[in-house]
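Both counts, for ligands and for their atoms, begin at 1 and track the order of listing. Residue numbers start at 1 and run along the sequence shown.
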Amino acid sequence: MTTPMKPFLSQSPEQTEKFAAEFSKKLKKGDVIALCGDLGSGKTTFVRGLFYGLHGDPAYFVTSPTFTLLHEYPTKKSPLYHFDLYRIETFEEFQRIDFEEYFGGSGRIGSAGTGVGDGICVVEWGDKIPELASEFDYKISFRFCDKNKREIVIV
Ligand SMILES: Nc1ncnc2c1ncn2[C@@H]1O[C@H](COP(=O)(O)OP(=O)(O)OP(=O)(O)O)[C@@H](O)[C@H]1O
Ligand SMILES: [Mg+2]
């Protein structure tokens with residue numbers, strides 16, 4: 001990870017989606033993105049924007065996979081894997097649910113040959129598990145400023 005970009009001040013959910021859609025153009029297969037920030041700070045809203053930016057069919061996007069932990073979406077560019085680790089406490093738990101294989105085609109903890117390592121992974125609460133830190137190509141932080149304002153920083 002390198003220098004943070006200039007923070008983006010979003011004034012509405014729509015602006016957050018647009019910002020995410022723009023960012024999605026940079027992404028390539030195998031990228032893993034951590035989203036960090038409090039409840040309601042805009043992480044899922046950002047993922048919706050990513051999905052639109054990758055040309056997923058808007059009819060299919062649902063909300064955060066807080067209970068199911070993972071949603072998979074086809075998009076024109078590559079599959080989008082949307083994780084939510086809110087309910088996961090430890091790396092051992094994370095390993096037990098067998099998600100590692102989704103992360104990265106580049107020989108990190110993601111295992112080659114399973115065929116699911118070539119999507120784009122976006123992980124809400126990615127910073128909860130310190131052992132995953134080295135997996136992330138981008139870390140995006142969300143800060144609640146007021147009712148409709150969120151500061152977004154991409155590192
Ligand atoms: N500028 C903004 N950007 C994003 N969301 C905003 C903004 N202003 C208001 N909101 C509202 O804040 C809420 C953000 O919810 P969202 O589910 O995206 O947060 P989250 O970070 O994923 O929360 P959780 O940790 O519970 O999954 C939505 O209700 C959204 O409409
Ligand atoms: Mg969410």
Side-chain angles (χ1 to χ4, degrees), residues 1 4-27 30-104 109-110 116 119-155:
M1 286 192 236
M5 279 171 41
K6 197 161 132 303
F8 173 70
L9 184 67
S10 164
Q11 317 258 13
S12 68
E14 293 72 29
Q15 279 189 12
T16 296
E17 285 180 15
K18 232 174 125 195
F19 178 71
E22 197 52 42
F23 170 72
S24 76
K25 294 180 189 162
K26 285 187 200 239
L27 295 175
D31 278 347
V32 185
I33 304 134
L35 304 183
C36 317
D38 290 340
L39 289 168
S41 60
K43 301 181 294 298
T44 301
T45 305
F46 186 91
V47 180
R48 190 181 306 119
L50 278 186
F51 177 67
Y52 295 162
L54 297 169
H55 297 290
D57 182 341
Y60 290 106
F61 191 83
V62 284
T63 53
S64 207
T66 308
F67 294 97
T68 50
L69 307 174
L70 169 64
H71 288 152
E72 307 189 11
Y73 299 105
T75 76
K76 290 219 169 96
K77 194 162 176 181
S78 77
L80 179 68
Y81 299 113
H82 179 192
F83 297 80
D84 189 332
L85 302 186
Y86 185 65
R87 288 174 186 278
I88 299 291
E89 294 300 335
T90 63
F91 185 53
E92 287 68 36
E93 251 181 88
F94 177 82
Q95 287 177 307
R96 231 176 289 137
I97 51 180
D98 265 353
F99 279 174
E100 289 167 78
E101 63 197 55
Y102 289 89
F103 283 14
I109 63 172
V116 292
I120 292 171
C121 293
V122 59
V123 188
E124 292 194 41
W125 298 99
D127 53 341
K128 274 190 82 177
I129 314 284
E131 287 88 343
L132 295 181
S134 62
E135 299 297 317
F136 297 118
D137 299 287
Y138 299 93
K139 182 177 159 185
I140 307 184
S141 311
F142 297 80
R143 196 170 63 81
F144 187 102
C145 303
D146 74 18
K147 193 170 165 291
N148 290 309
K149 288 197 182 120
R150 306 288 188 273
E151 187 188 72
I152 306 174
V153 182
I154 300 181
V155 180

* **Nitrogen or oxygen atoms of N148 and ligand 1 under 3.5 Å apart** => yes
* Any N/O/S atom, backbone or side chain, of E124 lying under 2.8 Å from the Mg ion (ligand 2)? -> yes
* To do: Flag atom 16 (P) of ligand 1 as yes if some protein heavy-atom distance to it falls below 4.0 Å, otherwise no.
  => yes
* Heavy-atom contact under 4.0 Å between F46 and ligand 1? -> no
* Asked: Do ligand 1 and D84 have nitrogen or oxygen atoms that lie under 3.5 Å from each other?
  -> no
* To do: Check the surroundings of atom NZ in K77: do more than 12 heavy atoms from other residues, nucleotides or ligands lie under 6.0 Å from it?
  => yes
* Nearest neighbour in protein (non-hydrogen) for atom 31 (O) of ligand 1 -> P13 CG, 3.3 Å
* Asked: So which heavy atom in the protein is nearest atom 4 (C) of ligand 1, and how far is it from that ligand atom?
  -> T16 OG1, 3.4 Å
* To do: Answer with yes or no whether G37 contacts ligand 1, where contact means a heavy atom under 4.0 Å from a ligand atom.
  => no
* Taking all non-hydrogen atoms of both residues, which atom of G126 and which atom of L85 are closest, and how far apart? -> CA-CD1, 4.4 Å
* Would you mind checking which non-hydrogen protein atom is closest to atom 10 (N) of ligand 1, with the distance to 0.1 Å? => R150 NH2, 3.3 Å
* Asked: Which heavy atom of the protein is the closest neighbour of atom 27 (O) of ligand 1, given with residue, atom name and distance?
  -> E124 OE1, 3.1 Å
* Can you list the ligand 1 atoms lying under 4.0 Å from a non-hydrogen atom of S10? -> 1 (N), 2 (C), 3 (N)
* Distance to 0.1 Å, residue and atom name: give those for the protein heavy atom nearest to atom 5 (N) of ligand 1. => T45 OG1, 3.8 Å
* **Element-labelled atoms of ligand 1 that are located less than 4.0 Å from some non-hydrogen atom of S12** => 1 (N), 2 (C), 3 (N), 7 (C)
* Between E17, K147, Q15, which one has a non-hydrogen atom sitting closest to atom 9 (C) of ligand 1? -> K147
* Report, as yes or no, whether the 6.0 Å neighbourhood of atom CZ on F144 holds more than 12 heavy atoms from other residues, nucleotides or ligands. => yes
* Asked: Does D38 have a non-hydrogen atom less than 4.0 Å from ligand 1?
  -> yes
* Structure fact -> All heavy atoms of C121 vs all of Y102, minimum pair found to be SG-O, 3.2 Å
* Give the intermediate values and the outcome of side chain to side chain contact (heavy atoms under 4.5 Å, CB included) for residues E124 and L35. => CA-CA 5 Å; E124 292 194 41; L35 304 183; 4.2 Å; yes
* What do you reckon, are the aromatic ring centroids of F61 and Y73 less than 6.0 Å apart? -> yes
* the Mg ion (ligand 2) to nearest N/O/S of T44 less than 2.8 Å -> yes
* Structure fact -> min-distance protein heavy atom vs atom 25 (O) of ligand 1 -> K43 NZ, 2.7 Å
* **Test salt bridge (Lys or Arg N to Asp or Glu O under 4.0 Å) applied to E22 and K18, K26, K25, the passing residue** => K25
* Output, in order, the C-alpha distance, side-chain angles, deciding distance and verdict of side chain to side chain contact (heavy atoms under 4.5 Å, CB included) for I97 and I88. => CA-CA 10 Å; I97 51 180; I88 299 291; 3.7 Å; yes
* What protein heavy atom is closest to atom 13 (C) of ligand 1, reported as residue, atom name and distance in Å? -> G40 O, 3.8 Å
* Considering heavy atoms of the protein only, find what lies nearest to atom 19 (O) of ligand 1 and give residue, atom and distance to 0.1 Å. => G42 N, 3.2 Å
* Asked: Between F136 and D127, is a side chain to side chain contact (heavy atoms under 4.5 Å, CB included) present by the stated rule, with each step listed?
  -> CA-CA 10 Å; F136 297 118; D127 53 341; over 6 Å; no
* Assess whether side chain to side chain contact (heavy atoms under 4.5 Å, CB included) is satisfied between V32 and L132, documenting all intermediate values. => CA-CA 10 Å; V32 185; L132 295 181; over 6 Å; no
* More than 12 non-hydrogen atoms from neighbouring residues, nucleotides or ligands closer than 6.0 Å to OH on Y86, yes or no? -> no
* Could you tell me which atoms of ligand 1, counted from 1 in the order shown, lie closer than 4.0 angstrom to a heavy atom of W125? => 25 (O)
* When T16 is tested against each of T44, N148, T45 for side chain to side chain contact (heavy atoms under 4.5 Å, CB included), which residue passes? -> T45
* Structure fact -> For T44, the ligand 1 atoms with a heavy-atom partner under 4.0 Å come out as 17 (O), 18 (O), 20 (P), 22 (O), 27 (O)
* When the ring centroid of F94 is compared with that of F83, is the distance short of 6.0 Å? -> no
